[in-house]
Amino acid sequence: MSTFAKTLIAWQREHGRHDLPWQTNDAYRVWLSEIMLQQTQVDTVIPYYARFLARFPDLPSLAAAPVEDVLTLWSGLGYYARARNLHKCAQTLMTRHGGVFPADPALLAELPGIGRSTAAAISAFAYGTRAAILDGNVKRVLARAFGIEGFPGTKPIENRLWELADSLLPATNVDVYTQAQMDLGATVCTRGRPACARCPLADVCVALRDGRVAELPTRRPKKETRERSGRFAAILADGAVLLERRPPSGIWGGLLSLPELPEDADTADWVASRYGLDVHKVTPLASFRHVFTHFTLTLEPESVEVGATTGCAEPGILWHRLDQLDAAALPAPIRKLLEQLVRRDLFSEP
DNA sequence: AAACCGGGGCC
DNA sequence: GGCCCAGGTTT
């Protein structure tokens, strides 16, 4: 066994995390936690994980639930495409795998929302399968410990890291070893201020030896971000707002959102003809910017007061009470806009 | 403000 | 099979 693996396993037993609620060999719980942890840190995940497990204690209950219920429980975690994949994955497991998670990571990786690294983590924790993970934590630990230069997002570097990860796998205790890498990356070999003084790899770490800890792993080359803008209508009546489901692909795919006005449309005319509503008053609201990784969206909201919450029988269009925004799976900037509107402070400039 | 992140989807 | 994207948090 590699010294690297031995060192990490010993460190894990002494200094690793042992009381995380998903540390079981139940594949369902491991899977659920891994999907949540793909996008969110441990402290945030814990309450969501508990609520989720209480409502969906096992695979059959999750598979049988309407996807809306899953999205509602996911509300606030963001990345809703992954909640939809989670649900789809549960259904696929029920119909094609007899409700059992396969132990083979290659089979797991064919399921929606599960890639190579997540598949390895599930099979290692649930079944003790000997398979290497390569998530952000592991990439950082390996790049530093072995002094690997180059952005890990490129194919050649990523391939090298996968080879390295495979070669370092211990013959036994793969579950402890896998958790060790996650814990070391999360608690010692962190992105910002790594605690090299208490790192078990300090005496072999190439980056530490060469004073290159801050430079590794090599950062992503930066790209210019594009600008986009959109007009959004907050159609209001009787303490409710009209929400409309977005098309399944593209920005905010499948989420409920405010209707997006065509660029040159007259607001009152468009709302009246599209939804058959009696428009009383249109008020432009303060525009604001939301920064995505790849572009900046300028939201230009308008409030549209209408006569009554009627005329919207179409599927994908509904009235949602303004005092129950918490329960809706909304894109973050739309939620922010509506919460400001409820607090009535949107009329002042930011 | 910029970096980060594992998988999906498009070409 | 390679490249680019999403969306919220951390730094």
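Just the heavy atoms: all of them, side chains too, but no hydrogens, waters or symmetry mates, feed the values below. Chain letters run A, B, ... following the sequence lines, proteins first and then strands; every chain starts at 1. Predicted model only: the values in this text are computed from it and were never measured.
Distances from the side chain of A/Ala332 to the nucleotides B/dG7, C/dG8, C/dA6 place C/dG8 closest. For A/Arg219, counting side-chain heavy atoms from C-beta on, the closest listed nucleotide (B/dG7, C/dG8, B/dC4) is B/dC4. When distances run from any side-chain atom of A/Thr118 to the nucleotides B/dG7, B/dC5, C/dG2, the shortest one goes to B/dG7. Here the nucleotide nearest the side chain of A/Asn85, chosen from B/dG8, C/dA6, C/dG8, is B/dG8. Out of B/dC5, B/dG7, C/dG8, the shortest distance to the side chain of A/Ser117 is found at B/dG7.
Remark: aromatic rings of A/Phe4 and A/Phe146 are close, center separation under 6.0 Å. Ring centers of A/Tyr48 and A/Phe52: at least 6.0 Å apart, outside the cut-off.
Using modelled atom types, one side-chain atom of A/Gln23 and one backbone atom of A/Asp19 make a donor-acceptor pair closer than 3.5 Å. In this structure, A/Ser33 contributes its side chain and A/Val30 its backbone to a donor-acceptor pair below 3.5 Å.
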Name each donor-acceptor pair under 3.5 Å that joins a side chain in residues 231-240 of chain A to protein atoms two or more places apart or in another chain, with its distance.
{"unit_1": "A/Arg231", "atom_1": "NE", "unit_2": "A/Glu302", "atom_2": "OE2", "d": "3.3"}
{"unit_1": "A/Arg231", "atom_1": "NH1", "unit_2": "A/Pro262", "atom_2": "O", "d": "3.0"}
{"unit_1": "A/Arg231", "atom_1": "NH1", "unit_2": "A/Glu263", "atom_2": "O", "d": "3.1"}
{"unit_1": "A/Arg231", "atom_1": "NH1", "unit_2": "A/Ala265", "atom_2": "O", "d": "2.9"}
{"unit_1": "A/Arg231", "atom_1": "NH2", "unit_2": "A/Ala265", "atom_2": "O", "d": "3.4"}
{"unit_1": "A/Arg231", "atom_1": "NH2", "unit_2": "A/Thr267", "atom_2": "OG1", "d": "2.9"}
{"unit_1": "A/Arg231", "atom_1": "NH2", "unit_2": "A/Glu302", "atom_2": "OE2", "d": "2.9"}

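Separating the CG atom of A/Leu330 from the P atom of C/dG7 is a distance of 13 Å, rounded to the nearest angstrom. Computed from coordinates, the A/Glu158 CD to C/dC4 C1' distance equals 14 Å when rounded to whole Å. Distance, A/Phe151 CZ to C/dC4 P: 11 Å, rounded to whole Å. For A/Arg140 and B/dA3, the CZ to P distance is 16 Å, given to the nearest whole Å. Going from atom CZ of A/Arg246 over to atom C1' of C/dA6 covers 13 Å, rounded to whole Å. Atom-to-atom, OH of A/Tyr48 to P of C/dG8 comes out at 11 Å; the value is rounded to the nearest Å. We find that CZ of A/Arg116 is positioned 18 Å from P of B/dC5, with the value rounded to whole Å. In this entry the distance linking NZ of A/Lys88 with P of B/dG7 reads 16 Å, nearest Å.
The side-chain tip of A/Arg116 points at the ring of A/Trp162 from less than 6.0 angstrom away and within 45° of straight on.
Atom CG of A/Leu184 sits about 11.5 Å away from atom NE2 of A/His15, to the nearest 0.5 Å.
Using a 4.0 Å heavy-atom distance criterion, A/Arg289 is classed as making no nucleic acid contact. Counting non-hydrogen atoms under 4.0 angstrom, A/Leu134 reaches nothing in the nucleic acid.
Residue whose closest nucleotide on DNA chain C sits further toward the 5' end, between A/Lys155 and A/His290: A/Lys155.
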Can you pull every protein N or O that's under 3.5 Å from an N or O on nucleotides 9-11 of chain C?
none

